[in-house]
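Worksheet for the structure shown next.
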Amino acid sequence: MIVLAIDTAGVDCSAALYDSAAGKVLSAVTETIGKGHAERLMAVIDEALAAATLPLKAVERVAVVIGPGSFTGIRVGVAAARGLGLALGVETVGVTTLEVLARKFLDEHPGRPVVVAMDAKRDEVYTQAFSARAEALSHPAALSPEGASELTKSLSATAIGSWVEHSLGKGEAEYEGRDRFDITVVARIAAEKPADAQRPKPLYLRGPDAKPQTGFALARS
């Protein structure tokens with residue numbers, strides 16, 4: 001199966017092609033752009049296809065990172081994945097940032113449970129626990145720092161992610177990169193997921209920072 005994986009949930013705009021039968025990454029393209037994913041995503045996908053010497057119609061599954069992450073970026077990626085899946089007549093699969101970070105760590109440091117803890121600002125931590133085999137032990141949640149610490153201790157797990165670095169007193173420039181990952185990990189996870197009739201949906205663990213203004217609505221006559 002040829003998997004196209006895309007990620008626009010963070011500062012990166014990424015795409016990769018993966019051949020699950022051969023267990024081989026065919027291509028991967030990543031641009032660190034911060035914003036403007038909607039303008040660059042299709043070009044990045046085209047670059048990945050060209051590097052893999054594959055036409056778009058060769059794709060048999062589309063995977064997308066559904067968050068947590070940037071509200072705008074997540075919407076761009078999910079909409080693109082759904083559109084591509086519909087146009088190609090193939091299934092689409094959602095992969096969370098949390099499971100990607102857990103898988104990345106466990107591939108390099110196997111043997112014990114891990115708690116992914118992303119700094120969500122506003123004294124909250126995007127958190128999920130995984131077994132040593134990368135199986136989910138808890139649901140994704142926005143916890144307090146105390147809650148994240150208690151979850152880690154209860155499982156005798158290793159905590160990873162930007163919140164861990166933040167809690168050590170490091171500056172934002174030093175710890176925010178802890179939540180970045182290789183797009184090829186997304187592709188490998190997606191290839192292993194069972195088929196799901198549900199289309200991927202954004203994973204929002206709290207409401208958007210921007211709130212609608214009140215007090216300016218015109219009364220209806």
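- When side chains are defined from C-beta on, K201 does not count as touching I66, because their heavy atoms never get closer than 4.5 Å.
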* To do: Test side chain to side chain contact (heavy atoms under 4.5 Å, CB included) on V93 and V3 and set out the steps.
  => CA-CA 10 Å; V93 175; V3 179; over 6 Å; no
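- Residues Q128 and S138 share a closest heavy-atom pair of NE2-O, 2.8 Å.
- Contact check for H109 versus T158: no side-chain heavy atoms found under the 4.5 Å cut-off.
- Under a hydrophobic-cluster definition in which Ile, Leu, Val, Met, Phe, Trp and Tyr are linked whenever side-chain heavy atoms come within less than 4.5 Å, directly or via other members, V115 and F130 are assigned to different clusters.
- Using a 4.5 Å cut-off on side-chain heavy atoms (C-beta onward), Y126 and S162 make no contact.
- The closest side-chain heavy-atom distance from L101 to V185 is not below 4.5 Å.
- Using modelled atom types, no side-chain atom of E91 and backbone atom of R61 make a donor-acceptor pair closer than 3.5 Å.
- Here the shortest heavy-atom pairing between A28 and T184 reads CB-CG2, 3.9 Å.
- One hydrophobic cluster holds both L98 and F71 under the rule that ILVMFWY side chains link at heavy-atom gaps under 4.5 Å.
- Look at R180 and D12 and you find a salt bridge, because one of the NZ, NE, NH1 or NH2 atoms lies within 4.0 Å of a carboxylate O, short of that distance.
- For S156 and R112, the side-chain atoms include no donor-acceptor pair closer than 3.5 Å.
- Cluster annotation: M1 and V186 are assigned to distinct hydrophobic clusters (Ile/Leu/Val/Met/Phe/Trp/Tyr, side-chain heavy-atom contacts under 4.5 Å, transitive).
- Note that SG of C13 is 8.0 Å distant from CD1 of I45, once rounded to the nearest 0.5 Å.
- The two atoms that bring L41 and S14 nearest to each other are CD1-O, 4.3 Å, heavy atoms only.
- At distances below 3.5 Å, not a single donor-acceptor pair connects side-chain atoms of R75 with backbone N or O atoms of P202.
- Side-chain contact between K193 and V95 is present, with heavy atoms from C-beta onward closer than 4.5 Å.
- In terms of heavy atoms, A117 sits closest to V125 at CB-CG1, 3.6 Å.
- Linking Ile, Leu, Val, Met, Phe, Trp and Tyr whenever their side-chain heavy atoms come within less than 4.5 Å puts I74 and V62 in one cluster.
- Taking every heavy atom of both residues into account, V114 and A102 meet most closely at CG1-CB, 4.0 Å.
- Separation of atoms OG1 (T127) and CG (L143) is listed at 4.0 Å; rounding is to 0.5 Å.
- Residue V78 is grouped with residue L84 when hydrophobic side chains (ILVMFWY) are merged at heavy-atom distances under 4.5 angstrom, including chains of intermediate members.
- Taking a cutoff of 4.0 Å between a charged side-chain nitrogen and a carboxylate oxygen, E192 and R103 qualify as a salt bridge.
- Side-chain contact check for V64 versus T92: every heavy-atom pair is 4.5 Å or farther apart.
- Put simply, the side chain of F181 reaches to within 4.5 Å of the side chain of D7, judged on heavy atoms.
- Remark: S27 OG to L4 CG distance equals 8.5 Å, nearest 0.5 Å.
- To the nearest 0.5 Å, the span separating CG on L26 from CG on L54 amounts to 6.0 Å.
- Here the straight-line distance linking atom CD1 of I189 with atom OH of Y18 works out to 11.0 Å at 0.5 Å rounding.
- Without hydrogens or angle criteria, T152 side chain to A157 main chain gives no donor-acceptor distance under 3.5 Å.
- Interatomic distance, CG of L106 versus CD1 of I160, reported as 7.0 Å (0.5 Å rounding).
- Closest non-hydrogen pair, D107 versus R188, comes out as OD2-NH2, 2.9 Å.
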